[in-house]
**Student:** 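Please find one structure pasted underneath; my questions will follow.
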Amino acid sequence: MAISNLYRHSLSLLTDLYQLTMAYGYWKTGKSEQESIFHLYFRKNPFNGGYTVAAGLEQAIEYIRQFRFENSDIKFLKSLQGNDDRPLFENEFLDYLAELDFSIDLDAVPEGTVVFPNTPILRVRGPILQAQLLESALLNIVNFQTLIATKSARICQMAGDNPVLEFGLRRAQGIDGSISASRAAFIGGVSATSNVLAGKLLNIPVKGTHAHSWVMSFESERSAFRNYAEVMPNNSVLLVDTYDTEQGIRNAIEVGRLLKAKGHRLAGIRLDSGDLAYLSNFARQMLDDAGFEDTPIIASNDLDEDVIQSLNVQQSKISVWGVGTQLVTGGNQAALGGVYKLGALKDRSGGWILKTKISEQLIKVSTPGCLQVRRFLNDGSASADMIFNELGSVGANRQDSKFTIIDPLDSSRKRTHNAEEEDWDDLLIPIMRSGELVYTNPSLIQIRDRVMHQKTLFHPSILRISNPHSYPIGLEESLHQLKTDKVAELRNLKS
């Protein structure tokens, strides 16, 4: 889905003001073309889970390719004033922005890849002014879609072979939030969405039933069901809990017989309240006794992976899950904590200066360099991810056979991998070079299939919903030492 299909205007101002003030500072001090390397990553798996599903790359690509400051953008920036009531930006700088042509290199993990904390999802290399201007929007796009794709994967994992429908439009975080959520939810594994615009823009299957208001608009539930079956004989999923659920199931069966007599079928009944375990078993028994063994029972009502897991334990007879609010909003996880940090700058002589941000919190200390992630595979299963510096001694070839990986949060935890005994993949792949796209976006179906395949690479203990095992992630030994030395150097600085 191209961003231009949803938005008709430039999105260059979809940024925080400080990105523009820093860009102005780079331009003013002659640093705008200084080559830089930034990494986008997150520090903790969402939902207290053991894995995360990368998503949002296609929109990130489109955002960069369409980035431009239109006349209306420049006019708005001209209107901004500092605290002295004078223009915030010089006209010459705004002229520079109006002519800006992106020349960055972008490397990224393909969408649908299972990823882990502190490993880069995107890497931006190019003039620092350009890379800085991308920060806020890239985080906005990737953070949200990665969060929702991960939530979807967890929900679909609990649903097993039963399909999950995304019903979240009315509770989504705004218009774009609904479209992006539908996209990410499909990547994570849902079968269809109720969001018709998402269906149009993204070619996602669209499914839906009727609301309680339909039933309430008729003099009786029986009349409502009959009329719905009359006008929608090929989509007769009946919501049975407007008044009395048990009677609603009986009324649905009666209408199901009428449909059958006319050569159609009762496409399903939906439960949206009450004790779903008890009611689904009651409904299954009634449907089976009436000869409707193939009629699915669809459940909604604020579901998430934990509720679905509980209902499975209670041996519910639900065969289709309609999940809305908890899926498209992330539920109890407000956001993915993605960050965008500078890893290196080129000096005037062409050498690289490696950069580290330090903090009192170890988890917030950034890793210097031009980072890549190598995933080791043992007999087809992922065994560990190694973060290494492409500007350092570890190349992207097989000449280096043994690698020691050190946990960035606990240096006592080390492990060695032998590239002659294990296969491996470097996860960040070329997406753009000098501002030109060198990558072909896969279809959403292909991305969805990638998620399913990726999950087969990992031990079930890493994928489990509660108290997952920690997947091994570490810094290559020389990078760990480099980071340790940089931190020590920075802590010893007096000014």
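FYI, the numbering just counts along the sequence from 1. What you see is a predicted model; the values in this text were computed from it and never measured.
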**Student:** Which heavy atom in Val206 sits nearest to a heavy atom in Ser194, and how many Å separate them?
**Tutor:**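 Distance-wise, the nearest heavy atoms are CG1-O, 4.3 Å.
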
**Student:** Does some side-chain heavy atom of Asp407 sit less than 4.5 Å from a side-chain heavy atom of Ile473?
**Tutor:**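 No - every pair of side-chain heavy atoms lies 4.5 Å or more apart.
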
**Student:** Taking all non-hydrogen atoms of both residues into account, name the closest pair between Ala184 and Gln145 and its distance.
**Tutor:**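 Smallest heavy-atom distance, with atoms named: CB-O, 3.4 Å.
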
**Student:** Taking NZ, NE, NH1 and NH2 as the nitrogens, is one of them in Glu35 or Arg125 under 4.0 Å from a carboxylate oxygen of the other?
**Tutor:**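 Yes, this pair counts.
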
**Student:** Measure from the side-chain N and O atoms of Asp347 to the backbone N and O of Gly350, and report whether any donor-acceptor pair falls under 3.5 Å.
**Tutor:**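 A pair under 3.5 Å: yes.
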
**Student:** Backbone N or O of Ile363 within a donor-acceptor pair of the Lys44 side chain at under 3.5 Å?
**Tutor:**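 Judged by distance alone, no pair lies under 3.5 Å.
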
**Student:** How far apart are the closest heavy atoms of Tyr51 and Val114, and which atoms are they?
**Tutor:**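 Looking at all heavy atoms of both residues, the shortest contact is CB-CG1, 3.8 Å.
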
**Student:** Please state whether the rings of Phe116 and Tyr471 are parallel, tilted or perpendicular, taking 30° and 60° as the class boundaries.
**Tutor:**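 Phe116 vs Tyr471 ring planes: parallel.
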
**Student:** Counting heavy atoms not belonging to Arg171, are there more than 12 under 6.0 Å from its CZ?
**Tutor:**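 Result for CZ/Arg171: open.
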
**Student:** Under a 3.5 Å distance rule, please check whether Arg448 uses its side chain to pair with a backbone N or O of Val190 as donor and acceptor.
**Tutor:**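 Yes.
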
**Student:** Show your reasoning for whether side-chain hydrogen bond (donor to acceptor under 3.5 Å, both in side chains) applies to Asp73 and Ser12.
**Tutor:** CA-CA 8 Å; Asp73 300 324; Ser12 62; 3.1 Å; yes

**Student:** Which residue in the set Ile179, Leu165, Leu202, Ile204 passes side-chain contact (heavy atoms from CB on, under 4.5 Å) when paired with Thr193?
**Tutor:**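 One option only clears the test, and that one is Ile204.
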
**Student:** Mind running salt bridge (Lys or Arg N to Asp or Glu O under 4.0 Å) on Arg375 and Asp423 for me, showing each step along the way?
**Tutor:** CA-CA 8 Å; Arg375 177 162 293 167; Asp423 202 357; over 6 Å; no

**Student:** List the steps and the verdict of side-chain contact (heavy atoms from CB on, under 4.5 Å) for Leu20 and Leu97.
**Tutor:** CA-CA 10 Å; Leu20 286 160; Leu97 292 184; 4.3 Å; yes

**Student:** Count the heavy atoms belonging to other residues, nucleotides or ligands that lie under 6.0 Å from CZ of Arg170, then report whether that count exceeds 12.
**Tutor:**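 No, not enclosed.
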
**Student:** For Cys156 and Gly189, work out which heavy atoms get closest and say how close.
**Tutor:**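 Closest pair (atom of Cys156, atom of Gly189, distance): SG-C, 3.3 Å.
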
**Student:** Decide yes or no on salt bridge (Lys or Arg N to Asp or Glu O under 4.0 Å) for Arg374 and Glu476, but give the supporting numbers first.
**Tutor:** CA-CA 10 Å; Arg374 182 163 294 177; Glu476 183 274 326; over 6 Å; no

**Student:** Run the side-chain hydrogen bond (donor to acceptor under 3.5 Å, both in side chains) check on Asp379 and Ser381 step by step: do they pass?
**Tutor:** CA-CA 6 Å; Asp379 293 329; Ser381 296; over 6 Å; no

**Student:** For atom CG of Asp84, decide whether the heavy atoms of other residues, nucleotides or ligands shown that lie under 6.0 angstrom number more than 12.
**Tutor:**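 Yes.
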
**Student:** With a 6.0 Å cut-off (strictly less than), is the heavy-atom count around NZ of Lys455, excluding the residue itself, greater than 12?
**Tutor:**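 Count over threshold, so yes.
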
**Student:** Quick check: does any side chain N or O of Glu166 sit under 3.5 Å from a backbone N or O of Gly168, one acting as donor and the other as acceptor?
**Tutor:**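 Present.
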
**Student:** Is there side-chain contact between Tyr26 and Pro127, with heavy atoms separated by less than 4.5 Å?
**Tutor:**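 SC-SC contact between Tyr26 and Pro127 ruled out.
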
**Student:** Kindly indicate whether the side chain of Asp107, heavy atoms from C-beta on, has any atom under 4.5 Å from the side chain of Arg433.
**Tutor:**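 They are in contact (side-chain heavy atoms under 4.5 Å apart), so the answer is yes.
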
**Student:** Please check if the number of heavy atoms outside Asn48 that lie under 6.0 Å from its CG is greater than 12.
**Tutor:**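 Atom CG in Asn48 is not packed in, count stays at 12 or less.
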
**Student:** Would you call the rings of Phe67 and Tyr63 parallel, tilted or perpendicular, where under 30° means parallel and over 60° means perpendicular?
**Tutor:**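 Phe67 vs Tyr63 ring planes: perpendicular.
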
**Student:** Which residues satisfy the side-chain hydrogen bond (donor to acceptor under 3.5 Å, both in side chains) test with Lys355, sequence neighbours excluded?
**Tutor:**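 Partners of Lys355 by the side-chain hydrogen bond (donor to acceptor under 3.5 Å, both in side chains) criterion come out as none, since no residue qualifies.
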
**Student:** Could you give me the CA-CA distance, side-chain angles and deciding distance for Asn418 and Glu422, then say whether side-chain hydrogen bond (donor to acceptor under 3.5 Å, both in side chains) is met?
**Tutor:** CA-CA 6 Å; Asn418 192 331; Glu422 296 181 82; over 6 Å; no

**Student:** For Asp16, I'd like to know if atom CG has over 12 heavy atoms of other residues, nucleotides or ligands within 6.0 Å.
**Tutor:**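 Above 12, so yes.
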
**Student:** Pick out which of Leu362, Leu482, Val365 makes a side-chain contact (heavy atoms from CB on, under 4.5 Å) with Val487.
**Tutor:**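 Result: among Leu362, Leu482, Val365, Val365 is the only option passing the side-chain contact (heavy atoms from CB on, under 4.5 Å) with Val487.
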
**Student:** Give me the atom names and distance for the closest heavy-atom approach of Ser36 to Ile128.
**Tutor:**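 Scanning both residues, the minimum pair turns out to be OG-CA, 3.4 Å.
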
**Student:** Looking at side-chain heavy atoms only, is the closest gap between Glu58 and Glu111 below 4.5 Å?
**Tutor:**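 SC-SC contact between Glu58 and Glu111 confirmed.
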
**Student:** Got Tyr41 and Lys341 here, is their nearest side-chain heavy-atom distance under 4.5 Å?
**Tutor:**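 Yes. Closest side-chain heavy atoms under 4.5 Å.
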
**Student:** Are side-chain heavy atoms of Leu327 and Ile148 found at a separation under 4.5 Å?
**Tutor:**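 With C-beta onward as the side chain, the pair touches.
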
**Student:** Taking the six-membered ring for Trp, are Tyr340 and Phe38 parallel (under 30°), tilted (30 to 60°) or perpendicular (over 60°)?
**Tutor:**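 Taking Phe38 first and then Tyr340, their aromatic rings lie parallel (interplane angle under 30°).
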
**Student:** Looking at Phe47, does the NZ or CZ of Lys151 lie under 6.0 angstrom from its six-membered ring centre and within 45 degrees of the ring axis?
**Tutor:**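 Yes, Lys151 lies over the aromatic ring of Phe47.
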
**Student:** Write down the atom of Thr52, the atom of Pro46, and the distance for their closest heavy-atom approach.
**Tutor:**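 Closest approach of Thr52 to Pro46, heavy atoms only: OG1-CD, 3.1 Å.
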
**Student:** Within the side chain of Ser136, is there an N or O that forms a donor-acceptor pair under 3.5 Å with the backbone of Thr15?
**Tutor:**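 No, Ser136 side chain to Thr15 backbone: no donor-acceptor pair under 3.5 Å.
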
**Student:** Would you say that His480 contacts Lys414 through its side chain, given a criterion of any heavy-atom pair below 4.5 Å between the two side chains?
**Tutor:**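 No, every pair of side-chain atoms sits at 4.5 Å or beyond.
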
**Student:** Does CG belonging to Asn467 count more than 12 external heavy atoms closer than 6.0 Å?
**Tutor:**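 Counting neighbours around CG of Asn467, 12 or fewer heavy atoms of other residues, nucleotides or ligands fall under 6.0 Å, so no.
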
**Student:** Any idea how His417 and Phe376 line up, ring-wise: parallel (<30°), tilted (30 to 60°), or perpendicular (>60°)?
**Tutor:**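 Ring orientation of His417 relative to Phe376: parallel.
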
